[in-house]
Amino acid sequence: MKYSRLFPKTLKQVPSGAESLNHQLLVRAGFIHQEMAGVYTYLPLGWKVLDKISDIVREEMNAIGGQEIFMPVLHPGENWKKTGRFKSFDVLYKLKGAGDKDLVLGPTHEEIIYPLLAEYINSYKDLPLYLYQIQTKFRDEPRAKAGLLRGREFLMKDLYSFHTDDDDRDEYYKKVREAYFKIFKRIGIPVVKTKASGGTFSDLSEEFQTLTPSGEDTVFVCSKCGAAFNEEIIKGKNCLDCGGDLKKEKAIEVGNIFPLKRAYAEVFNLYFTDKAGEKRIVSAGCFGLGISRTMGAIVEVSHDEKGIIWPESVAPFKVHIVGLDLEDKTVMGEAEKIYKLLQVADPERSRRTEGVEVLFDDRVNVSAGVKFADADLIGIPYRVVVSKKTGDKLEVKKRSGKETMFKTLEQLVDIVCS
RNA sequence: CGGGGAUUGGCGCAGUGGUAGCGCGCACGGUUCGGGACCGUGAGGCCGGCAGUUCAAAUCUGCCAUCCCCGACCA
């Protein structure tokens, strides 16, 4: 992608109203645009990041047998009345459809997937089954805040698992837990797993929390055994596992996993026939992961005073070519050549590319300082400077590091493709 | 939902009663050219909305809306 064509350009100043760090940096760098409190447009750079996070999540969900589906945003109010959540789910967006019909904008999808499964699950042979989706959720939060960390409309992955019994469900629960650790490791942000109350939804649950002072959750981490707990289940000053001292930390909840109670299966008649021919209730688990919130969390934990530092796995581009002296036709030609050669495949035409994704700052008559500042702000992992000074070796700098390396084009390709 | 702050060109801001100004950005011309360069010229705003006070309102009063922060809430 040529920067001269990229929409939109960076902003020098922080728009008023953007107080949280992720909001400020993402808006200034041109990744998102706020439409109203808690609602954002994802601009080209932001959408690419969201897409990369989604793909990592997808791969790990598929690896544990998940099958991707896509459920509706618009739900029949009827289903929510059946579970009682039409009244009790207090951040529910309700609207009226044709014929004065009650409708709901989905904040979660039990009310869709249970009736769906009830129609198809008959035998123990149909189980277990793992279905997930990556979908926009709507929650009418009394106070949306902190940029992408707490929106009213946000992107979330939700996985629902269905089993013949609780033991099988608990086995799968452990697999999902491991998959979550892999996901956050690949994405490049540290997480701790905390024990949490399950609310009315579940007897217990576990959350994946990114520790950072800007988080809105409070968690307690044991200094002895490393176990972590959410505030609501902590009774005293000591670890529930080993009795060690607890340290209070702020954190962002990026994932949440639950073994579900039977209530929904009962309401929607989700039963199966076992080997003995007996009718039995289905056991289920529910596993959420906030995709857009994770994007905000990455920025909160990975930045410096100049801008964002994207982990390689989710960066919108891998290489940022900063072209200087581009008024000189020779230099421009050289920069173009490097730009094309880096792209083994053509990432501008294919969404899933095998080539190196490159952003080329091809602006003419823009000062070096402006280009460097923009590169710092946008936060792409590798910066390659092409200028009159460029000889056989390219000037390469990692966004996350300080020292400048000098590499041939082949060496650079090796580095960024590894 | 309680408390506080804010709302003025695209963005950031100043403007305490006499029908709007600065910086950035933008356009054009010129000089610059490795860390957000400079000079000149120019375009761009019925000051969040409604109602009121006044000869006169961005400015005073009332109501409303929106955004941000603190808290409550967060299946």
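Every chain is numbered from 1 and lettered A, B, ... according to where its sequence line falls, protein lines coming before strand lines. All values below come from the heavy atoms of this structure, side chains included, with hydrogens, waters and symmetry mates left out.
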K.L.:
Rounding to an integer number of Å, can you tell me how far A:Tyr93 OH sits from B:A75 C1'?
P.N.:
16 Å
K.L.:
In the strands shown, is B:G34 matched to any nucleotide by a Watson-Crick or G-U wobble pair with both distances under 3.5 Å, and which?
P.N.:
none
K.L.:
Among the candidates B:G35, B:G34, B:G36, find the nucleotide nearest to the side-chain atoms of A:Glu395.
P.N.:
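Minimum distance to the A:Glu395 side chain belongs to B:G34.
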K.L.:
Measure from the side chain of A:Lys145, starting at C-beta and using heavy atoms only, and say which of B:G36, B:G34, B:C70 lies closest.
P.N.:
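Of the options given, the side chain of A:Lys145 lies nearest B:C70.
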K.L.:
When the C1' atoms of B:G12 and B:G4 are considered, how many whole Å apart are they?
P.N.:
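Roughly 23 Å separates the two C1' atoms.
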K.L.:
Distance between the P atoms of B:A43 and B:C38, in whole angstroms?
P.N.:
23 Å
K.L.:
In whole Å, what separates the C1' atom of B:G21 from that of B:C47?
P.N.:
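Nearest-Å result for B:G21 against B:C47 at atom C1': 12 Å.
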K.L.:
For B:C73, does the base pair up with any side-chain atom of A:Arg143 as donor and acceptor (N or O, under 3.5 Å, distance only)?
P.N.:
no
K.L.:
Rounding to an integer number of Å, can you tell me how far A:Glu232 CD sits from B:C73 P?
P.N.:
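Between P of B:C73 and CD of A:Glu232: 12 Å.
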K.L.:
Heavy atoms under 4.0 Å, any strand shown: does A:Val385 hit a base, just sugar-phosphate, or nothing?
P.N.:
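Contact class for A:Val385: base.
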K.L.:
In the structure shown, which nucleotide is the Watson-Crick or G-U wobble counterpart of B:U16, with both distances under 3.5 Å?
P.N.:
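Because no pair has both required distances under 3.5 Å, B:U16 counts as unpaired.
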K.L.:
Starting at atom CG of A:Leu21, determine the distance to atom C1' of B:C68, rounded to an integer number of angstrom.
P.N.:
15 Å
K.L.:
Nearest to the A:Ala368 side chain among B:G34, B:G35, B:U32, which nucleotide is it?
P.N.:
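Ranking B:G34, B:G35, B:U32 by closest atom to the A:Ala368 side chain puts B:G34 first.
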K.L.:
Can you tell me how far CZ of A:Phe272 sits from CG of A:Asp126, rounded to the nearest 0.5 angstrom?
P.N.:
10.0 Å
K.L.:
Which part of the nucleic acid does A:Ala196 contact within heavy-atom distance under 4.0 Å: base, sugar-phosphate only, or nothing?
P.N.:
nothing
K.L.:
Mind checking the P distance from B:U8 to B:A58? Whole angstroms is fine.
P.N.:
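Comparing P positions in B:U8 and B:A58 gives a spacing of 15 Å.
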K.L.:
Do the side chain of A:Asp376 and the base of B:G35 come within less than 3.5 angstrom through a donor-acceptor pair of N or O atoms?
P.N.:
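Such a pair exists between side chain and base.
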K.L.:
What's the gap between B:G48 and B:C33 when it is taken at their C1' atoms, as a whole Å value?
P.N.:
43 Å
K.L.:
Would you give the length of the straight line joining atom CD of A:Glu206 to atom CG of A:Asn230, rounded to the nearest 0.5 angstrom?
P.N.:
10.5 Å
K.L.:
Among the candidates B:G34, B:G36, B:C67, find the nucleotide nearest to the side-chain atoms of A:Gln34.
P.N.:
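Nearest to the side chain of A:Gln34 among the choices is B:C67.
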K.L.:
Let me know, please, whether A:Asn365 or A:Phe372 comes out on the 5' side of the other along RNA chain B by nearest nucleotide.
P.N.:
A:Asn365
K.L.:
Hey, does the side-chain of A:Arg383 have a donor or acceptor N/O within less than 3.5 Å of a partner on the base of B:G34?
P.N.:
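No, the side chain and the base share no sub-3.5 Å donor-acceptor pair.
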K.L.:
Select one nucleotide: of B:G35, B:G12, B:C67, the one nearest the side-chain heavy atoms of A:Ala37.
P.N.:
B:C67
K.L.:
Could you tell me whether A:Arg152 contacts a base, only the sugar-phosphate backbone, or nothing, with contacts defined as non-hydrogen atoms closer than 4.0 Å?
P.N.:
nothing
K.L.:
Quantified in whole Å, what is the C1' atom distance between nucleotide B:U7 and nucleotide B:G29?
P.N.:
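Between the two C1' atoms, the distance is 38 Å.
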K.L.:
If you assign A:Arg150 and A:Lys388 each to the RNA chain B nucleotide with the nearest heavy atom, which residue ends up on the more 5' nucleotide?
P.N.:
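The answer here is A:Lys388.
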K.L.:
With a non-hydrogen cut-off below 4.0 angstrom, is A:Asp217 in contact with a base, only sugar-phosphate, or nothing?
P.N.:
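The answer is nothing, as A:Asp217 stays clear of every strand by at least 4.0 Å.
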K.L.:
When you check the phosphate oxygens OP1 and OP2 of B:C33, does a side-chain N or O of A:Ser367 lie under 4.0 Å from one of them?
P.N.:
no
K.L.:
Heavy atoms only, 4.0 Å cut-off, all strands: where does A:Ser16 land among base, sugar-phosphate and nothing?
P.N.:
sugar-phosphate
K.L.:
Ignoring the backbone of A:Met36, work out which of B:C24, B:C67, B:C33 is nearest its side chain.
P.N.:
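Out of B:C24, B:C67, B:C33, the nucleotide with an atom closest to A:Met36's side chain is B:C67.
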K.L.:
Roughly how far apart are A:Asp241 CG and A:Lys195 NZ, rounded to 0.5 Å?
P.N.:
3.5 Å
K.L.:
How many angstroms lie between CG in A:Leu159 and CD in A:Glu68, if you round to the nearest 0.5 Å?
P.N.:
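Interatomic distance, A:Leu159 CG to A:Glu68 CD, rounded to 0.5 Å: 11.0 Å.
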K.L.:
Rounded to whole Å, how long is the line connecting atom CG of A:Asp361 with atom P of B:G36?
P.N.:
16 Å
K.L.:
Got a sec: does the NZ of A:Lys329 have more than 12 other heavy atoms crowding it under 6.0 Å?
P.N.:
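For A:Lys329, atom NZ is not crowded (no more than 12 foreign heavy atoms under 6.0 Å).
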K.L.:
To the nearest Å, give me how far apart CD1 (A:Ile257) and C1' (B:A75) are.
P.N.:
17 Å
K.L.:
Among B:A75, B:C74, B:C69, which is the nearest nucleotide to the side chain of A:Glu216?
P.N.:
B:C74
K.L.:
Quick one: does A:Gln13 reach the base of B:G23 with a side-chain donor-acceptor pair under 3.5 Å?
P.N.:
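Indeed there is one.
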K.L.:
Got a sec, which residues hit side chain to side chain contact (heavy atoms under 4.5 Å, CB included) with A:Ala63, two or more places apart in sequence or on another chain?
P.N.:
A:Glu60
K.L.:
Starting from P on B:C74, measure out to CZ on A:Phe89 and report it in whole angstrom.
P.N.:
11 Å
K.L.:
Kindly confirm or rule out a cation-pi arrangement of A:Lys247 over A:Phe220, judged by NZ or CZ under 6.0 Å from the six-membered ring centre and within 45° of its axis?
P.N.:
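Not flagged: A:Lys247 not positioned over aromatic ring of A:Phe220.
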K.L.:
Please tell me which of the listed nucleotides, B:C70, B:G34, B:A75, lies nearest to the side chain of A:Arg139?
P.N.:
B:A75
K.L.:
Classify the ring geometry between A:Tyr114 and A:Tyr264 as parallel (under 30°), tilted (30 to 60°) or perpendicular (over 60°).
P.N.:
tilted
K.L.:
Write down the distance between CD1 (A:Ile378) and P (B:G36), rounded to a whole number of angstrom.
P.N.:
17 Å
K.L.:
Could you work out the separation of B:G52 and B:C13 based on their P atoms and round it to a whole Å?
P.N.:
32 Å
K.L.:
Select one nucleotide: of B:A72, B:G25, B:C67, the one nearest the side-chain heavy atoms of A:Lys12.
P.N.:
B:G25
K.L.:
Work out how far the P atom of B:C22 is from that of B:U41, and round it to whole angstrom.
P.N.:
12 Å
K.L.:
Side chain of A:Arg363, base of B:G36: donor and acceptor closer than 3.5 Å?
P.N.:
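No pair found.
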K.L.:
A:Leu324 has an atom CG; how far is it from atom P of B:C33, in whole Å?
P.N.:
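For the pair A:Leu324 CG and B:C33 P, the rounded distance is 13 Å.
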K.L.:
Taking the side chain of A:Pro142 as heavy atoms from C-beta outward, which of B:C1, B:A75, B:C69 is closest to it?
P.N.:
B:C1
